[in-house]
Amino acid sequence: MSSAESHLSTAGFYGKKNKRKWIGLEKSINSVVKKHQKEKIPKSFPYRILGPTTSWQIFYRQQEAFQYTKSTAKDLHVFAFESESFEGNTGQRLYLSTSYPVFWHYYSQLDEDKRLHYEVIPEGAVCKLYFDLEYDKTVNQDCDGDHMVAIFIQFVCKALMAIFNVSCTRKDVLDLQASTERKFSRHLIFQMKNAAFKDNIHAGSSKINDIKREMPDQVSTPDTPNISTNQGCVKTELPTEIKVETDPVNESVSEEKHRVNTGHLDVNESVSEEKHRVNTGHIDVNESVSEEKNRVHTSHIDEILDSFSIEDLKKLMVNSKNGDVLFCDTGVYTKNRNFRLFLSSKLGKKNTLVVASENEYCRKVDSQRSELENIFYDSLVSNIEYSSRMKILTYDDNISHHVNGLPRRKQDKSSKEAECIDGYSKSPYPEVDEFIQNIITQDSGKGVIRHWTYFHQGELLVYEIAKYRYCHNIGRHHRSNNIMLIVDLHAGVWYQKCHDPDCHTQNYKSPEWPLPKNVLPASYFDDDLDLEMEDDELLNTTAELEKQYMEKQANISGVSELDDDGDDDDLVAAVTLLDNSIQNG
DNA sequence: GGTTACGTATGTTCGGC
DNA sequence: CGAACATACGTA
């Protein structure tokens with residue numbers, strides 16, 4: 001700018017009349033520049049082809065954030081934060097979609113008082129077991145919080161073992177604290193290596209909580225008005241049973257490795273059970289024969305209770321405005337729950353959530369990352385690392401969970417949507433669409449893609465095909481049953497299955513054929529790709545996804561048109577958004 | 001231009017008795 | 001008249 005000025009003065013260019021105006025403008029610009037120079041400018045996240053998505057999108061509505069997150073089909077997650085500069089200091093929440101590493105990159109550079117962030121635990125997403133333990137110190141001066149936490153963890157660990165056969169000790173529990181003078185506050189995040197809960201509703205309203213609901217009954221005075229509220233109300237009616245969904249492939253993992261072709265697609269008989277359950281809208285464990293062996297009756301819970309002294313259990317009760325309650329907050333298991341992040345505080349407060357001094361959890365060190373970053377990843381309730389032996393824990397009590405009179409089925413449907421996206425025209429991978437389209441139009445075929453479903457978790461694309469029914473099982477076209485083509489983006493292969501009853505009963509899956517490299521997204525090219533899953537683990541997960549797909553199908557077929565209409569709108573919006581983002585590069 | 005989800009309280013409809 | 005569903009509002 002100075003060199004330009006030396007050639008031509010501002011007055012010369014604009015005329016003398018405007019000189020004053022120009023100088024004023026220059027001054028105000030300079031002051032703005034100075035102001036911004038004062039503020040920290042964060043280092044930007046280095047983009048790498050194989051690295052995480054660098055995308056960082058802020059939304060005013062949670063729904064939009066999820067729409068974007070799902071439609072991009074990448075490693076994105078939704079966070080919420082309280083915006084200071086919005087509508088005064090009301091703590092208006094905004095929603096952010098980005099990947100974990102990118103989030104941490106910027107979040108960790110923020111000043112402490114700017115960290116007002118929450119993890120949004122997505123409805124229907126597999127998650128860790130987590131607890132919010134809190135009480136008002138001023139009315140519970142006799143309580144020894146640390147001791148209570150110790151008892152509580154012991155109790156939960158015993159329950160996990162008794163009910164789910166999951167081994168867990170205090171060393172597996174990330175223990176965070178945000179206590180103040182007034183309030184005792186802890187977050188526990190269980191780092192179970194081979195188990196996770198189906199979703200946060202199961203994690204909370206179910207198992208451990210039900211046991212906890214038992215406790216007040218036994219240890220507190222008869223007048224406990226607080227429990228007469230929601231689903232926990234019928235305390236004498238214990239859940240009839242608790243089930244553990246063990247991955248069907250699990251038991252024969254070593255075998256599976258050696259026969260990829262057949263093993264990959266196995267969908268065992270429990271699928272049809274599942275189907276039925278979903279269709280009828282009852283999550284009725286009694287119908288599920290295949291899980292009989294996993295049944296655990298409530299007598300086990302009693303055993304656990306018996307192994308604890310009433311004295312210890314009593315210590316977990318605290319005074320509150322609702323009377324005597326357990327110091328474990330049962331209100332944190334709602335859908336899309338915002339759960340305060342590690343190192344964040346609430347707007348207007350200064351109690352950041354940090355590792356408690358009593359914490360005994362210690363992750364194996366990942367030297368690539370800082371210690372804090374490692375803790376951050378572990379603290380994320382929905383950050384599940386899949387492993388081959390992963391058990392998905394579920395629990396159904398016999399008390400229906402209907403919200404606003406919505407039927408159970410509706411809830412289930414939306415929870416399925418959280419794990420995948422689907423649509424009718426273009427999938428997130430147009431090149432793959434085109435490839436599939438070519439297959440079903442070769443030899444003057446007239447096939448069309450009737451529908452697609454994408455499973456984020458396993459990078460699996462399922463295409464429903466119409467007007468082209470060639471089945472490799474029978475070596476000709478089916479007369480009346482349609483086929484589906486499945487693309488495994490992770491493995492870079494495709495194969496065929498179909499809806500014919502015969503093929504279906506034998507779980508027929510065609511051989512796999514490699515996808516041409518040019519139809520895969522760029523990030524799949526490199527062999528050095530940072531695989532999160534070993535081959536057998538992927539196998540496992542893919543089978544699980546196919547199972548989910550069958551469930552979803554069953555679900556859709558049993559759902560009224562009205563339900564579908566509403567979802568179509570969402571899908572159209574999602575696809576449109578996606579198309580736009582593709583066009584914009 | 002802009003939150004979300006849920007409990008409580010209150011209002012409305014409907015069917016049985 | 002009560003059960004089931006609908007609407008409004010306050011709270012976190």
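The chains referred to below are lettered A, B, ... by the order of the sequence lines, with proteins before strands, and numbering in each begins at 1.
- Under the side chain to side chain donor-acceptor pair (under 3.5 Å) criterion, Gln154(A) pairs with no residue, sequence neighbours left out.
- For the pair Ile201(A) CD1 and dA5(B) C1', the interatomic distance rounds to 11 Å; values are reported in whole Å.
- Between the side chains of Asn319(A) and Tyr135(A), not a single donor N or O lies within less than 3.5 Å of an accepting N or O.
- In this entry the distance linking CD1 of Ile121(A) with P of dA5(B) reads 13 Å, nearest Å.
- As a whole-Å value, the separation of Lys335(A) NZ from dT3(B) C1' is 14 Å.
- Regarding Asn200(A), its CG atom lies at a distance of 14 Å from the C1' atom of dT4(B), rounded to whole Å.
- Atom P of dA12(C) sits at a distance of 23 Å from the matching atom of dG2(B), rounded to the whole Å.
- No side-chain donor-acceptor contact under 3.5 Å links Gln141(A) to the backbone of Val139(A).
- One atom, CZ of Arg93(A), and another, P of dT3(B), lie 13 Å apart when rounded to the nearest Å.
- Each of Asn338(A) and Thr334(A) was matched to the nucleotide of DNA chain B holding its nearest heavy atom; the match closer to the 5' end belongs to Asn338(A).
- Atom CD1 of Ile58(A) is separated from atom P of dT3(B) by 15 Å (rounded to the nearest Å).
- Applying the ring pair (Phe, Tyr, Trp, His ring centres under 6.0 Å) rule to Phe79(A) yields the partners Phe103(A); only residues at least two apart in sequence or on another chain are considered.
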With 3.5 Å as the limit, what N/O pairs link the protein to nucleotides 10-12 of chain C?
from: dA12(C); atom 1: OP1; to: Lys321(A); atom 2: NZ; distance (Å): 3.4

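- Regarding Glu123(A), its CD atom lies at a distance of 8 Å from the P atom of dA5(B), rounded to whole Å.
- Legend: salt bridge (Lys or Arg N to Asp or Glu O under 4.0 Å) pairs involving residues 343-358 of chain A, not counting sequence neighbours, sorted by first then second residue: Arg186(A)-Glu358(A).
- Residue Arg61(A) contributes atom CZ, which lies 12 Å from atom P of dA5(B) at whole-angstrom precision.
- For Tyr106(A), the ring pair (Phe, Tyr, Trp, His ring centres under 6.0 Å) partners at least two apart in sequence or on another chain are Trp56(A).
- Among residue pairs with one or both ends in residues 101-121 of chain A, those qualifying as salt bridge (Lys or Arg N to Asp or Glu O under 4.0 Å) are Lys40(A)-Asp111(A); sequence neighbours excluded.
- For the OP1/OP2 pair of dT4(B) and a distance below 4.0 Å, the side-chain nitrogens and oxygens of Gln92(A) include no atom meeting the criterion.
- For the OP1/OP2 pair of dA5(B) and a distance below 4.0 Å, the side-chain nitrogens and oxygens of Asn336(A) include at least one atom meeting the criterion.
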